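These notes concern the structure reproduced below.
Just the heavy atoms: all of them, side chains too, but no hydrogens, waters or symmetry mates, feed the values below. These figures come from a predicted structure and were not determined experimentally. Counting starts at 1 for both ligands and their atoms, in listed order.
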Amino acid sequence: MNLPDALTPVADGLHLWAPQHTGTWGFANCLLITSGEQAALVDTPYDRPMTEALIAAARPVLPAGAAGVGAIVNTHVNGDHTFGNGLFPGAEIIATKASAEHLCREPSPQQMHFLTHGTPADQPLGWYAREHFGRYHYEDAETVPPTVTFSGRHDLRVGDIEVELIEVGPAHSAGDLIVHLPAQRVVCAGDVLFADDHPVHWDGPLARIAAACETILALDPETIVPGHGPVMSPQDVRDHITYLRRLEALVHARHAAGVPAGEAAADILDTGFYDHLGLRERIVILTAVEYRHLNGETDEPDLVALAAQAAGWAFGRREAAP
Ligand SMILES: [Zn+2]
């Protein structure tokens, strides 16, 4: 696995571990905040080898005398942002109360290991899981829940750096937060934003993702760190809001016409909607989630079942490909 062996400077006291593999799942950005003898980390990688690579890359940047990373902020509780939490013993782990309350719906490392090893490889979900998640080492990962939770807004200081945590969920997940660094004019968006790939959102609806993007723009940042992919400009975020609104219109029109969700997604994909972006099958998940809202369904979304629908579409295309 080709992982960065150095952090990229983003602004004074901010360094990004950016494993920029687009077109697949699981490579999340992690932002290290350092000032004086203190350090905090926004999100942790998906498995132990990746987290160890991040720790090695961070070593030259960590202040002399720093005891290590004192605080972890989890933008949300998907495993690709949290499974590395356990490698920072003694750090407080901060997330929203809604994230902590919905942790139970997240596939555990053991379930991810089963999905990538125990399912039939010639069936859509087993094939897709191996294709996109088979590279990760879930067998020695663990779920380490937050130790500090909040609702609405939570401020912390890392040395001299002011850090504002702002709850914007439910959007991508039940309890998303964004990290605002006002002096540096940087926002860490978590999975409210994806760059270069189609996004995936488990909670939605799309209007709430767009609203979270508007919240980010209202903070007037210069640099926006998405959950996955290269850093973004405010114009990139505005363009993404256009993407969300266009998709919303396409999905709502099909729902109003009585088209079933799966057919609606396949139809939208057939129109070539933003087909220069990777992971087109995520449109299947976005459409299914939007339909849940339009149908007034309020039970917990089943993440694996949603992923299985996307896998079905991708598997069908794989067979159709020359
Ligand atoms: Zn993610």
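Taking the Zn ion (ligand 1) as reference, D80 places its N/O/S atom OD2 nearest. The atom name of the N/O/S atom in D191 closest to the Zn ion (ligand 1) is OD2.
For the pair R282 and W25, the cation sits on the ring face: its NZ or CZ lies under 6.0 Å from the ring centre, inside 45° of the axis.
In this structure, D203 pairs ionically with R105, as a charged nitrogen and a carboxylate oxygen lie closer than 4.0 Å.
Note: angle at the Zn ion (ligand 1), from NE2 of H81 to NE2 of H228, is 110° (rounded to 10 degrees).
A side-chain contact (heavy atoms from CB on, under 4.5 Å) with I178 holds for exactly one of V225, T75, T215; it is T215.
Other residues, nucleotides and ligands place more than 12 heavy atoms under 6.0 Å from the CG atom of D270.
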